Structures are given as structure tokens and as C-alpha cells.
Enquirer: 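I have a structure I would like to understand better, so I am pasting it below and will then ask my questions one at a time.
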Amino acid sequence: MANIRASVTVPPTAVANPQNFSESHTLQPKAHRLIPGGAHTYAKGDDQFPERAPAFIVRGQGCHVWDIDGNEFIEYGMGLRAVTLGHAFQPVVDAAYRQLQLGINFTRPAKIEVDLAEALLEIVDGADMVKFAKNGSDVNTAAVKLARAYTGRDLIAICGDQPFFAIDDWFIGTTKMDAGIPRTIAELTLKFRYNDLGSLRDVFDQHPGRIACVVMEAEAMTPPAPGYLNRVKELCEERGAVLVFDEMITGFRWHLGGAQKFHGVVPHLSTFGKAMGNGFAISALVGKREIMRLGGLDHDQARVFLLSTTHGAETHALAASLETISIYRERKVVEFLWKQGERLRTLISRSIAENHLEGFFELVGRPCNLVFATCDQDGKRSQAFRTLFLQELIRRGVIPPSFVVSFSHTDEDIDRTAGAVHDAHIVYRKALDEGFEKYLEGRPVKPVNRRFN
Ligand SMILES: Cc1ncc(COP(=O)(O)O)c(C=O)c1O
């Protein structure tokens with residue numbers, strides 16, 4: 001098979017430029033002294049990266065970032081998949097800045113709240129109303145509360161194969177990291193398996209008339225079996241439950257209208273966030289008027305306290321979102337994400353074959369949301385091998401918790417990444433044959449969701 005370097009123009013990786021992480025290492029203890037976990041998202045924490053890694057970023061432009069020591073990296077999965085256009089993406093920054101100068105928060109609603117509501121509802125099929133917030137957890141939790149109020153039921157069913165829905169008790173109470181959450185709350189959340197209609201039917205059968213809603217991503221790492229999502233919706237309607245699609249990752253990535261549009265299944269409620277503001281703090285709960293209106297002023301049922309927050313409609317974040325939506329429309333952003341992800345997938349697959357890594361290093365997910373799985377010499381999932389791979393990529397100027405691309409990943413960035421992956425794969429292969437201990441500098445990473453440190 002042709003060598004990857006012969007088949008694409010692969011610029012040299014940054015390995016020739018020795019990285020220095022001294023400023024990062026100096027600041028780390030202070031960060032941990034001042035901030036529990038040293039970061040404001042566990043997924044960004046030190047335990048998620050090799051010891052030989054940049055610990056603090058000071059600047060980003062497009063898909064490139066610079067750390068506190070001045071090292072430059074090509075970044076993937078930027079801002080936990082929120083920054084889909086690129087860091088400091090000028091038209092979005094300009095739109096937010098123009099709005100900042102007009103004021104960001106008033107005593108009455110700002111007109112731009114209605115403008116963005118209209119723009120978003122044009123994109124999301126079958127949704128009649130929207131409420132904005134600042135993060136995904138709040139809108140998912142609002143969807144659960146609304147569904148409970150609408151149905152008068154207390155239990156919720158979540159897809160147990162999908163990793164994350166909210167920082168709130170109804171979800172975190174079901175994870176290993178459930179300290180501080182009363183068991184009685186966790187017991188109200190039940191789990192079903194993805195692509196297994198029978199497991200959802202069992203949940204309904206075991207708790208007749210008690211399930212308020214089904215919360216799931218229409219698709220995460222595995223595509224839905226033909227007809228599965230439609231049947232989930234039918235089952236929900238048959239049993240009187242509300243179907244909620246979490247579009248935090250899929251929204252503006254599978255399709256501008258989300259995975260629901262991609263798969264042609266309209267849920268009763270859905271939630272968007274992350275990409276909708278290219279990293280600005282903005283999220284949305286959207287859905288059917290009949291349900292959403294319980295949070296409003298025009299009904300005579302019990303009032304639902306639906307997402308009333310001080311910062312929920314900060315105008316600059318709404319302006320950023322309006323601009324983001326118009327860029328997606330004008331510049332075919334979603335098509336680009338799929339194309340660049342496919343380019344990367346093709347090149348990395350070639351490297352997997354060349355380095356005989358089938359069964360040890362695997363690419364998973366859609367091109368627009370590509371991630372990787374690492375296995376040891378026995379084919380078992382391995383955090384040590386994940387850490388080694390991250391370490392070797394970082395050494396070559398790429399920082400990848402995933403291979404999730406943005407609109408700013410040019411062909412050159414993709415090809416440069418592929419070159420770095422190829423070289424990291426060579427080390428990976430050697431580590432499979434000789435033991436990772438020989439190559440890994442420091443301790444392996446650990447899963448975020450664990451009971452003890
Ligand atoms: C699928 C999904 N839902 C919800 C959330 C929560 O979003 P946030 O971190 O904005 O609260 C996340 C965050 O990563 C997510 O991936």
C-alpha cells in the first residue's frame with residue numbers, strides 16, 4: 001500500500017520544533033489550588049490529557065490555538081464541539097461586538113430575542129416556540145420539567161448508551177459520580193438501550209402511566225436502525241409520553257436542522273446549544289406550542305417555571321447566533337464539515353492499514369463528528385493507549401480529544417493532521433509490540449465519570 005506521505009502533500013509535523021511546557025506546568029498547581037479540578041469543565045481537566053500536554057490556551061484563530069508557552073497546535077473538537085466555525089471567527093465576533101455596544105441586558109426583552117426565535121424556528125421543523133438559555137444542561141432540564149408538568153407524571157426514560165445529558169441531578173444521579181445526589185431523585189430516571197425498541201417498551205410496561213418523557217440523542221456514535229426513531233416516537237405517543245431529542249452535538253452538525261431533520265423524525269421537544277453561537281453561551285429549548293405554552297401567560301393550567309434566568313437572553317450571544325445561522329445558510333457549513341471529516345477519515349484509515357492497527361485503533365462516528373477508540377494488544381479498550389496516542393499527536397502539533405472538525409479546518413490542516421497521525425501510529429504499533437510503558441511519559445488518562453480520583 002502506498003505510504004500516506006506519498007499519497008497526499010503532508011507538511012512536516014511540528015515534531016522538529018521541541019515543545020516546552022514549563023509555563024503550563026508552573027501554573028497548574030495554582031489552578032488546582034484556586035479551582036476544584038483546575039478547570040470549569042471536567043472534559044478539559046488534567047486527568048483527560050497526557051502529562052506532556054499544553055495545560056492552558058491563551059489564543060485561538062480558526063482551528064489553531066497557542067498555549068501559554070507559545071506552542072501552536074491544530075485543535076479538534078474545539079470548545080467541546082461548540083466552536084464549529086472557528087476560533088475568533090470574524091463575522092461572528094463583529095456581530096457580537098456591534099451588539100455589545102448597544103447594551104446586553106435590559107429591563108424588558110430585547111427585540112433581537114424575537115428575531116432569533118424566528119430564525120431558529122425556521123430551521124427546526126415542527127417546532128412552534130423556543131426559549132433561550134446559556135447551556136445545554138439547563139434546556140434539557142427544562143424539557144424534563146415541562147414534560148412532567150404536561151403529562152402529570154414523574155418518571156423519565158433516558159438512553160443509557162449515550163454519555164451525557166446534563167449536569168443536573170436527574171442525570172448525574174444515574175452516573176458513577178453521583179455524590180451529593182439523593183437516591184430518591186436518581187430513582188426517578190430509568191434507562192433504555194439505543195436501537196433496542198424492546199428495552200424502551202419494557203420501561204413503559206414496567207411503569208404504566210408513569211413515564212413523562214423519553215430523552216435521547218437521535219444519533220450519537222451509532223446510526224439508528226431503519227425505522228427505529230419513528231417507532232420510538234410512535235411508542236411515546238401510544239403511551240402518552242413526550243419525546244425529547246437532545247441536539248446539543250447533532251444540531252448544526254448532522255444538518256442545520258439537527259439529526260431530527262437528517263433522519264426525518266420530528267420530536268415533541270428538542271434542545272440545541274453548542275454550535276448555535278459558534279461558542280458564545282446560547283442554547284435553546286424548542287417544541288410544540290401545546291407543550292411549550294405551559295411556560296407562558298396564555299393558559300389556565302398550573303404555571304411552569306420555564307427557563308427564567310438573568311442572563312438567558314444576553315443580546316450579544318443572540319447576535320452571535322443570528323450571524324452563525326446566516327453563515328451556515330450562505331456558506332454550506334454542514335456540507336464542509338462532512339467533507340473535511342471524510343477527508344480525514346480516509347487518510348487516517350489508510351494509516352491504520354499501513355501500520356497494521358485494525359482492531360487496535362478505530363475511527364467511530366459520522367465524518368462530521370469523528371472520534372477514535374484505542375485498544376491494547378489484547379484488543380481491549382485502553383486508556384493507556386489513548387494517552388500515548390494523544391501524547392504523540394500533541395508532540396507533532398495536534399491537540400485532539402477527538403477528530404471533530406470545524407469550518408476552519410482547511411485541506412492543509414487535515415493533511416498535516418493525517419501526517420501527525422501516521423507518525424503517532426508508528427509509535428502506537430511499537431507500543432503494542434513492546435509495551436506502552438516504554439513510550440508513555442507519565443500516567444494514563446481516566447474517564448471523567450468515575451466515583452473516586
Ligand atoms: C449531548 C449533550 N447534551 C447536553 C450537554 C450539556 O451541555 P452543557 O455543557 O452546555 O450544559 C452536553 C455537553 O457536553 C452534551 O454533549
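For clarity, every value in this text was computed on a predicted model and none was experimentally measured.
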Enquirer: Please give me the minimum heavy-atom distance between Ala353 and Glu358, naming the atom from each residue.
Expert: CA-OE2, 3.4 Å
Enquirer: With the threshold set at 4.0 Å, does a side-chain nitrogen-carboxylate oxygen contact exist between Glu354 and Arg350?
Expert: no
Enquirer: Tell me whether Lys446 contacts the main-chain N or O of Asn453 through its side chain, where contact means a donor paired with an acceptor under 3.5 Å.
Expert: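 It does hold such a pair.
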Enquirer: Measure the CD-CD1 distance between Glu330 and Ile325 for me, rounded to the nearest 0.5 Å.
Expert: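 Answer rounded to 0.5 Å: 12.0 Å.
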Enquirer: Could you tell me whether the side chain of Asn195 and the main chain of Ala225 form a donor-acceptor pair under 3.5 Å?
Expert: yes
Enquirer: Set out, in order, the CA-CA distance, both residues' side-chain angles and the distance that settles side chain to side chain contact (heavy atoms under 4.5 Å, CB included) for Phe171 and Phe164, then state yes or no.
Expert: CA-CA 8 Å; Phe171 174 70; Phe164 199 74; 3.6 Å; yes
Enquirer: Roughly how far, to the nearest 0.5 Å, is the SG atom of Cys213 from the CD1 atom of Ile158?
Expert: 10.0 Å
Enquirer: Determine whether a donor-acceptor pair (N or O, by modelled atom type, separation under 3.5 Å) exists between the side chain of Thr26 and the backbone of Ser22.
Expert: yes
Enquirer: Are Asp47 and Arg450 ion-paired here, with the side-chain N under 4.0 Å from a carboxylate O?
Expert: yes
Enquirer: To the nearest 0.5 Å, how far apart are NE2 in His87 and OG in Ser408?
Expert: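 The OG atom of Ser408 is 8.5 Å from NE2 of His87, to the nearest 0.5 Å.
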Enquirer: For a quick check under 3.5 Å, do Thr250 and Glu219 share a side-chain donor-acceptor pair by atom type?
Expert: no
Enquirer: Does Glu392 pair with Arg395 as a salt bridge, N-O distance under 4.0 Å?
Expert: yes
Enquirer: I want to know whether Phe360 and Phe385 have ring centres closer than 6.0 Å.
Expert: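 No: the rings miss the under 6.0 Å criterion.
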Enquirer: Can you label the angle between the Phe372 ring and the Phe403 ring as parallel, tilted or perpendicular, going by 30° and 60°?
Expert: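 Correct class here is tilted.
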Enquirer: I'd like to check Val214 versus Val242 (side-chain heavy atoms, cut-off strictly below 4.5 Å). Are they in contact?
Expert: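 No, side chains not in contact.
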Enquirer: Answer yes or no: is there an ion pair linking Arg183 with Asp178, defined by an N-O contact shorter than 4.0 Å?
Expert: no
Enquirer: When rounded to the nearest 0.5 angstrom, what is the spacing between CG in Asp415 and NE2 in His409?
Expert: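 Rounded to the nearest 0.5 Å, the CG-NE2 separation comes out at 12.0 Å.
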Enquirer: State the OG1-CZ distance between Thr387 and Arg52, to the nearest 0.5 angstrom.
Expert: 14.0 Å
Enquirer: Verify the neighbour count for atom CD of Glu118: are there more than 12 heavy atoms of other residues, nucleotides or ligands below 6.0 Å?
Expert: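 Not buried by this count: 12 neighbours or fewer within 6.0 Å.
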Enquirer: Is it the case that the side chains of Asn355 and Ser351 hold a donor-acceptor pair, with the cut-off being a distance below 3.5 Å and no angle test?
Expert: yes
Enquirer: Are Lys430 and Glu434 within salt-bridge range, i.e. N to O under 4.0 Å?
Expert: no
Enquirer: Starting from the C-alpha separation in whole Å, work towards a yes-or-no answer on ring-ring contact (aromatic ring centres under 6.0 Å, His included) for Phe389 and His425.
Expert: CA-CA 7 Å; Phe389 181 67; His425 275 167; 5.5 Å; yes
Enquirer: Run the side chain to side chain contact (heavy atoms under 4.5 Å, CB included) check on Glu412 and Arg416 step by step: do they pass?
Expert: CA-CA 6 Å; Glu412 193 197 332; Arg416 189 183 279 267; 3.5 Å; yes
Enquirer: Apply the side-chain contact (heavy atoms from CB on, under 4.5 Å) test between Met276 and each candidate in Ile123, Leu120, Leu318, Thr324; give the one that qualifies.
Expert: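 Per the side-chain contact (heavy atoms from CB on, under 4.5 Å) rule, the option paired with Met276 is Leu120, out of Ile123, Leu120, Leu318, Thr324.
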Enquirer: Can you name the residues that form a side chain to side chain donor-acceptor pair (under 3.5 Å) with Asn449, not counting sequence neighbours?
Expert: Thr175
Enquirer: Ignoring hydrogens and geometry beyond distance, is a side-chain donor-acceptor pair present between Asn140 and Thr271 at under 3.5 Å?
Expert: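 Thr271 and Asn140 do have a side-chain donor-acceptor pair below 3.5 Å.
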Enquirer: Given 3.5 Å as the limit, does a donor-acceptor pair link the side chain of Asp67 with the main chain of Ile57, or not?
Expert: no
Enquirer: Walk me through it: do Val65 and Arg59 pass the test side chain to side chain contact (heavy atoms under 4.5 Å, CB included)?
Expert: CA-CA 6 Å; Val65 292; Arg59 185 166 80 84; over 6 Å; no
Enquirer: His64 and Glu72: side-chain donor and acceptor closer than 3.5 Å?
Expert: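 Yes.
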Enquirer: Do Gln19 and Asp69 pair up side chain to side chain, a donor and an acceptor below 3.5 Å, judged on atom types alone?
Expert: no
Enquirer: Is the distance between the ring centroids of Trp254 and Phe272 less than 6.0 Å?
Expert: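 No, they do not, as the ring centres are separated by 6.0 Å or more.
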Enquirer: Using every non-hydrogen atom in the two residues, find where Leu146 and Gly295 come nearest and quote the distance to one decimal.
Expert: CD1-N, 4.5 Å
Enquirer: Testing the 3.5 Å rule here: is there a donor-acceptor pair between the side chains of Thr84 and Tyr328?
Expert: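 Yes, a side-chain donor-acceptor pair sits under 3.5 Å.
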Enquirer: Do you know which two heavy atoms are closest between Ala127 and Leu121, and how far apart they sit?
Expert: O-CD2, 3.6 Å
Enquirer: Ignoring hydrogens and geometry, is there a side-chain-to-backbone donor-acceptor pair from Thr374 to Phe361 under 3.5 Å?
Expert: no
Enquirer: Might you point out which heavy atoms bring Met177 and Ile172 nearest each other, and give the distance in Å?
Expert: O-CG2, 3.3 Å
Enquirer: Answer yes when Arg253 and Glu247 have at least one side-chain N-carboxylate O distance shorter than 4.0 Å, and no when they do not.
Expert: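 So Arg253 does not pair with Glu247 through a salt bridge.
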Enquirer: Please confirm whether the backbone N or O of Gly86 pairs with a side-chain atom of Asn278, one donor and one acceptor, at under 3.5 Å?
Expert: yes
Enquirer: May I have the step-by-step check of side-chain hydrogen bond (donor to acceptor under 3.5 Å, both in side chains) for Thr417 and Tyr76, ending in yes or no?
Expert: CA-CA 10 Å; Thr417 302; Tyr76 285 85; 2.6 Å; yes
Enquirer: Yes or no on side chain to side chain contact (heavy atoms under 4.5 Å, CB included) for Asn71 and Trp66, after CA distance, side-chain angles and deciding distance?
Expert: CA-CA 5 Å; Asn71 304 303; Trp66 287 262; over 6 Å; no
Enquirer: Under 3.5 Å, is there a donor-acceptor pair between the side chain of Glu323 and the main chain of Gly277?
Expert: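 Flag not set: sc Glu323 to bb Gly277 has no pair under 3.5 Å.
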Enquirer: If you measure only the distance, is there a donor-acceptor pair under 3.5 Å linking the side chains of Thr141 and Asp138?
Expert: no
Enquirer: Going by atom types only, do Ser199 and Tyr194 share a side-chain donor-acceptor pair under 3.5 Å?
Expert: no
Enquirer: Could you tell me whether the side chain of Lys191 and the main chain of Ala157 form a donor-acceptor pair under 3.5 Å?
Expert: no
Enquirer: Take a 6.0 Å sphere around CZ of Phe452 and say whether it holds more than 12 heavy atoms from other residues, nucleotides or ligands.
Expert: no
Enquirer: State whether Asp94 and Arg98 are salt-bridged, where the test is any N-O pair (Lys NZ or Arg NE/NH1/NH2 against Asp/Glu carboxylate O) under 4.0 Å.
Expert: no
Enquirer: Ignoring hydrogens and geometry, is there a side-chain-to-backbone donor-acceptor pair from Lys131 to Leu306 under 3.5 Å?
Expert: yes
Enquirer: Could you pull out the closest heavy-atom pair between Leu285 and Val139, with the gap in Å?
Expert: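 The pair with the smallest heavy-atom distance is N-CG1, 3.6 Å.
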Enquirer: Is it true that, when you exclude Lys44 itself, more than 12 heavy atoms of the residues, nucleotides or ligands shown sit nearer than 6.0 Å to its NZ?
Expert: no
Enquirer: Identify the two heavy atoms, one from Ser402 and one from Val371, that lie closest to each other, and give their separation to 0.1 Å.
Expert: CB-CG1, 4.0 Å
Enquirer: Check the side chains of Ser283 and Asn135 for a donor-acceptor pair under 3.5 angstrom, ignoring hydrogens and angles.
Expert: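 Side-chain D/A pair, Asn135 to Ser283: absent.
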Enquirer: Are side-chain N/O atoms of Gln340 and Asp411 paired as donor and acceptor at under 3.5 Å?
Expert: yes
Enquirer: How far does NZ of Lys134 sit from OG1 of Thr310, to the nearest 0.5 angstrom?
Expert: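 One finds 11.0 Å between NZ of Lys134 and OG1 of Thr310.
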Enquirer: Would you say Arg386's side chain and Pro401's backbone share a donor-acceptor pair under 3.5 angstrom?
Expert: yes
